[in-house]
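Take a look at the structure set out below.
Everything quoted here is computed from the prediction, not taken from an experiment.
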Amino acid sequence: MNMIFPILGPLAFAMSPMGAGTVPAQPSPEMLEKIAKMMIEADLNGDGKTSRAELNQHRAQMFAKLDRNEDGTIDRNDRPRLPVLQRKYDPAFKQVSSIFDSNADGRVTLDEWNRSDPDIFALLDANGDGAIVRSELPGAK
């Protein structure tokens with residue numbers, strides 16, 4: 001079964017504007033691991049590097065997964081049906097909504113989703129070569 005709430009936590013962290021108060025000064029090792037995993041998953045052609053195009057495509061795929069009812073927005077109508085899953089989804093949705101829902105209407109459109117990107121790619125592309133390799137990812141050894 002494909003769960004959507006595990007996506008929301010690292011996504012909210014990765015897309016939060018720096019200094020907005022939602023990002024801890026020192027993220028936990030678990031959060032860094034989730035961000036690294038998300039960037040590795042964005043390597044869609046499997047060449048060991050994530051390009052900006054791959055990250056953009058991955059973000060579009062994430063939006064599509066979160067828009068469970070395929071109405072072009074992420075909102076409460078996309079919640080899982082089971083109450084136990086709703087309890088896990090609701091806090092994560094609230095956090096993501098606070099970052100992406102720029103007009104505070106309770107819905108995140110694809111335009112809002114794309115506009116809210118603080119350019120996580122540029123932050124992680126340490127050497128500026130247009131590709132993110134594992135050694136540039138948070139927590140890389």
Quick one: does [X]'s side chain have a donor or acceptor within less than 3.5 Å of a partner on [Y]'s backbone?
X: D125; Y: G130; value: yes
X: E54; Y: N45; value: yes
X: D67; Y: D78; value: no

Which residues pass the side chain to side chain donor-acceptor pair (under 3.5 Å) test with N77, not counting sequence neighbours?
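Result, side chain to side chain donor-acceptor pair (under 3.5 Å) vs N77: none returned.
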Looking only at heavy atoms, the pair that brings A42 and T50 closest together is CB-CG2, 3.7 Å
Regarding D71 and T73, do their side chains bring together a donor and an acceptor under 3.5 Å, going by distance alone?
yes
By salt bridge (charged side-chain N to carboxylate O under 4.0 Å, His left out), which residues pair with [X], not counting sequence neighbours?
X: D105; result: R107
X: K37; result: E41
X: R87; result: none

Applied to residues 52-87, the ring-ring contact (aromatic ring centres under 6.0 Å, His included) test, sequence neighbours excluded, yields F63-W113
Sequence neighbours excluded, every pair satisfying ring-ring contact (aromatic ring centres under 6.0 Å, His included) that has a member inside residues 64-86:
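Listed once each, the pairs would be none.
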L124 side chain reached by E136 side chain, heavy atoms, under 4.5 Å:
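Heavy-atom side-chain distance check fails, nothing below 4.5 Å.
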Are F93 and I74 close enough, and set up right, to give a side-chain contact (heavy atoms from CB on, under 4.5 Å), and what steps lead you there?
CA-CA 9 Å; F93 174 77; I74 302 169; 3.8 Å; yes
I'd like to know if L110 and I99 are part of one continuous hydrophobic network [Ile/Leu/Val/Met/Phe/Trp/Tyr, side-chain heavy atoms within less than 4.5 Å].
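Yes, because I99 and L110 connect within a single hydrophobic cluster, where side-chain heavy atoms sit under 4.5 Å apart.
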With a 4.5 Å cut-off on side-chain heavy-atom distances among I, L, V, M, F, W and Y, is there a chain of contacts connecting F121 to I40?
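In one cluster with F121: I40, yes.
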What distance separates D90 CG from L85 CG, expressed to the nearest 0.5 Å?
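The CG atom of D90 sits 10.5 Å away from the CG atom of L85.
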